[in-house]
Each structure stands twice: as C-alpha cells, then as structure tokens.
Amino acid sequence: MINNMFERVSQGQTANQGIMATILKHLPSETGVTKIEYEGPYIGLHTKTPRFLLEHQDLISQLVNSIKKRIVIRTDSSIRSSERATKQIIASICLSKDDISDFFFDPALGEVTIFVGDPNNFAMLSQNDIDLTEKTGWRMIFRRKPRNNRIYKSINEILSKRSTERILFYKQTGEKIFRPRLSRTTEANIVCLGGFNETGRSSILLITQESKVLLDFGMKVGNDENLNSLPRIESTGLKTEEIDGVIISHGHLGHSGALPLLFKYGYKGPIYCTEPTLPLMISSQRNYLQEQKNNSIYSKNEIDEVILHTIPVNLGSVTDISPDVRLMLTNSGHILGSSSMHLHIGNGDHNLVYTSDFKFGKTIALDNSVWNFPRVETLIIESTHGTRDDIFPLREEVENNLVNSINSTLASGGRILIPVPSLGLSQELCITLGMLNSVGKISPEMIFVEESILDLLDFYEIYSEYLSKYLKLRISGGEKDPLFTDALVPLEKRQESWSKCIVLATSADLLCGKAATLLKEISADITSKLIIVGNPLPLSPIFNIANGERSILLGKRKIQLECSVDVIKGFTDHSDYNQLLAYVSRLKPKLRKVITNHGPGNKCHTLATNLNKIFKISTQHPSVHESIKLL
Ligand SMILES: [Zn+2]
C-alpha cells in the first residue's frame, strides 16, 4: 500500500516536473526567465526582460493550452527600481503632474497600482504600460482615482508589510494544489453548514475524494446565540488544516462574515474571491467588529489574516484549487464583484453551480447574472424570492414608482428618508438617484448620502471593469460624470433644515444607525416621507412599518409616525420568482438535481416543489447539518 502510494506520488512529482520542463522547452532565450514558481493556483514566470513576454502573449496562450495551468508574468526582483525612482519615472511622462497622488506598491507580486484622475492621463499611461514596466521593473495597474482611498490604502499597507510571508504562502499553496491525485475515482458530497431553510451564515462544505472546500462562510448578524449564528462546521469534525480552500461569493456578512473565525482556529489556507470582494468583505468585517466592541467573536488580527490569505480570481477564468476541483467564478449581478461558483469536479465527472445571491435581471450598476455554463449537473440556487408572491414589476416601472413617490414629496417641500443596507442596494440607489437627477426626472435640492455608503461606492469607481456595459460605455466614452455621483453629497454636510432633500442612510432595518435617528427627526412632519425599498428583515421596525404599523419602538423610544410612508416593491438585488424560474429554464437540458437554499423554510420548500413540478427535475430543500451525495 505504502509502496503504491509512493509510486503514485513519484508519478505526480514527475508530472509537475514535466510541467516545468514543458514551460522551459517552449520558452525562447529572449524571455529572460530566471525563475518558475508556484504562486497559489498560478505558475509565475519571473523575468529580467518583461517586454518580450508582455509583447508575446500568444506564447503564453500556447503554454497555458499545453500545460492546462494559468500563467502569470512577474518581473525579477533584481530589476525593480526603488519606489521613489519609479514614482519619478511615471510622473515624468504624465500629462498633468498633480493628477497622480497614489501609488500602491506590492513587492510580493512586483506590481504597482496607480490611481489616475484625468481620463486622458489614464489613456496615455495605459498605452505606455509595457515601456513603463521595462523602465521601472514593476508591472503597472492603472485604476480610476476614487473620492477616498482610505480602505484600499489600509489593505495595501498590510499586504506590502508582510510580503515575505505572502511569497512563502503562495508557494506552499501552489504545492498543495498541484499535489498528485491519490485516486482515479471521483466522489462528491456536500454538507449544508448554514443558510439552508434560513437566511444568513451561508456555508457549504464540498467533500471529494481528494479535497475539502468551503463555499462561503457567513454569519447571521444580530443573533446572539453563537451556535445558531455561525456555520455548523464543528458538527462535521473537520479540522481547519484539512480544508483546501474557501471560496467567497461576495462581500455581504451573510456570506463572508465568519471568515476571520477560521483563522482564529488555525486555518492557514487560501481564500478565493473576485478582486473587489476583498475590500468589500474586509470593510463589512471591520464594521461588524466596531459595532460589537468587546463582544466580537474575532479580532482585527484575524481580519488581517483574511487579507493576507486572499487570492483574487478573475471572472470567467478556470482555476485549479485542488488536485480534483477547478473553479470558475461568474458575475452574479447582485453587488459589485459578486459571483456564482462553477465547480468542475474530477475530470469533468461532475459540475456543480452554486448561484449564491444572484440577480437574473439588469440593474443600472451591474449586468445580468451569467447563466451559460458549459455543463451543470447539480445546481444550488437561492430562494430569497422563492414563492409566487415574489413577482415584482419590471425595472422601468419600479423606477417610475420611485420617481412619483419622490416628486410628490418634493412638491410639498418635505424631506425624504430612504433607509438602506450599507453595501449593494445602497450603491445601486446612489447611481439610480444620480441618473434620475441628471436627466431631470427628479430635482431635489440635495441628495445626501451617509459617508460609509460613499466609501463603498468608491470601489464601484476603482473596479469599474465589474460594472454594467451601460456604465462601462459611459466611462470609455469619456463622460464627465460616468457613474452619476457628482450630485451626491456626504450626509455630514447636511444643514439643520433639509427640506426638499433626499437622504440615503443606514441601516436598512431601522434597528439602529443614522436612518433610525433621522426617522425620529421627520416622524412628526406630515409633509415628509419614509421610502421603504429592498427586503425588510421580518419583525424589524421597518418590516412592521411596511405592513402598516405607525406606532413603533425605535431604540428605547416609542414614536408615532405622522409622516407618509411609501413602499417601493421590486428594488431588490436578488432574482424575483419569475427570474429564478427563467434561470433554471436556461440550465434545464443538462440539469440532474436542484438544491434550494438561502430563504425561510417555506420559500426554500415552495421553490423546490415548483421547480420539480415545472421542469421535472429532482429537487431537494435540505436543512442545516444534512449532507447530499452528488456523485
Ligand atoms: Zn448578498
């Protein structure tokens, strides 16, 4: 037995050495490659003459096709100029010198990210990308300059300070991913750890013959009982060192909030997510920590570990994350950087899609969720709007309802308060209100937005390649205010009297936050209005108001609402019932099994029953703790 295993390991090692040999064989001497090294799921080619490889991307494509592994081009650290000299070289060719104030160096990857304000400067620098890499020895990443880069800066400082540690982590992660397979057969099971017949603490454990991977690791916020607010990983007996990787779909706490806890209990492995998801989830986790004060279940140090162990993955790229699991993240249309996961298990023996939160419909900020997967046998689909009651008007009608509701109040000189969650729907509303204002459909004196919402909106500017085609066209077309953010003013600048103004403030449930304070201000004013959008949390104050109650408890104070209240149905970043059915219908020919999750028990149950009746597919609506054999 031991001999057999040794033979298989030896074969595997030979296979890996074969990969390196194939790369070397295909590389002409002009490439100046000094080192070939694992970099997590990628193979890094380190070169002293980066121009050749950067100009011969066809060579890289051929290599990728032949070794079936992703390759990244890195500069040899010996050719990198000092940070000061690099800044001077870049500034020397800039059209406007004071346009660039931010340089973020990452020594572990040899990359420098530069925030550029002037679109002409941006275009000019991007065109000279290879020249600048050759002159400085750093790979260039140009990004649109945001209003504020506080969060981005703090993350980069941690990444930069701990570069040596990260280089070692990438190498060790690569060695684990590309370790030889021990078995030729493939098995796959999932264990439901959280977010089944409930919302929040989303997490699934995928177990195959060779690997154990977590899909999301969220928490229920506002639930004091730890066991019921966290994924039930302890019930599986799984040790943190046995986990090969964690994949995070998006930055909401319900999907990524418990991640630091894994590091508290000894996890040292990789986290995979899209590039924007990293700052968004870190920001959510830090806010949670701040709100909890001394009651938090994790500390700042563990959030820093999340930053260090995250490996960004591009949408649409197939990436090895273990010897028998390949991952492809696809746009899920829910919030910036949100993704569904396509997992290719074994040699294509089974294909699993986990939608996570997704919107199968367009919004102003994001495109429709991707649906055209090459193969899907099992689908795990969210059920937030899983019953026939959850059919909403089309976007155009929803927008018209919002416009009418706003205008009727502005006409009578009233104030408008819209409570929102800090991430997702709030940025969608910022851009929508900005757009409606720019085309003259609404004309408030001011649109005030809470600073924390604007901070996250900055990431919509930074990672603009993740936005809808509509917004990307506005950016590439050189529009002066492409994301319609010029009209948005930080709430902190609000005057004492804010009549004829709109305010977007957190939190969405009115349990706490600025929105609750502001509601007290307008509650007695019959000319003002509270506009309710999104999905109110059952039994929260806003849920009760949406259902007609006008005497409510805000904090410790009972208030009587004299202001008017409008509920705008359909402003949601989840798919409605019809969109859920339309999505399954597109996948139907190859589907063998559908599993519903993320919704109260009745929604998960109803959706599973209806999908079974309509599409004649086997469906299940498991609860937390249940496991399901996929293969
Ligand atoms: Zn979400």
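Computed from a predicted model, the values in this text were never measured in an experiment. When a ligand or atom number is given, it counts from 1 through the structure's own listing order. For reference, positions follow the sequence shown, starting with 1.
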N/O/S atom of [X] inside 2.8 Å of the Zn ion (ligand 1), strictly under:
X	value
H255	no
H574	no
D573	no

Next on the checklist: Can you see whether H255 engages D216 through a side-chain donor-acceptor pair at a distance of less than 3.5 angstrom?
Outcome noted: yes
Checklist entry - Can a salt bridge be assigned to the pair E428 and K359 using a cut-off of 4.0 Å between side-chain N and carboxylate O? => result no
Checklist entry - Should the pair E465-R144 be classified as a salt bridge under the 4.0 Å nitrogen-to-oxygen rule? => result no
Next on the checklist: Test of geometry: compute the angle NE2(H250)-the Zn ion (ligand 1)-NE2(H334) and round it to 10°.
Outcome noted: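 Angle NE2(H250)-the Zn ion (ligand 1)-NE2(H334): 100°, rounded to 10°.
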Next on the checklist: Which atom name would you report as the N, O or S atom of D357 nearest the Zn ion (ligand 1)?
Outcome noted: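 Going by distance to the Zn ion (ligand 1), the closest N, O or S atom in D357 is OD2.
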Checklist entry - Which of the N/O/S atoms in H252 sits closest to the Zn ion (ligand 1)? => result ND1
Next on the checklist: Taking the six-membered ring for Trp, are F392 and F571 closer than 6.0 Å centroid to centroid?
Outcome noted: no
Item to check | Polar side-chain atom of Q285 near backbone of L253 as donor-acceptor pair, under 3.5 Å | outcome: no
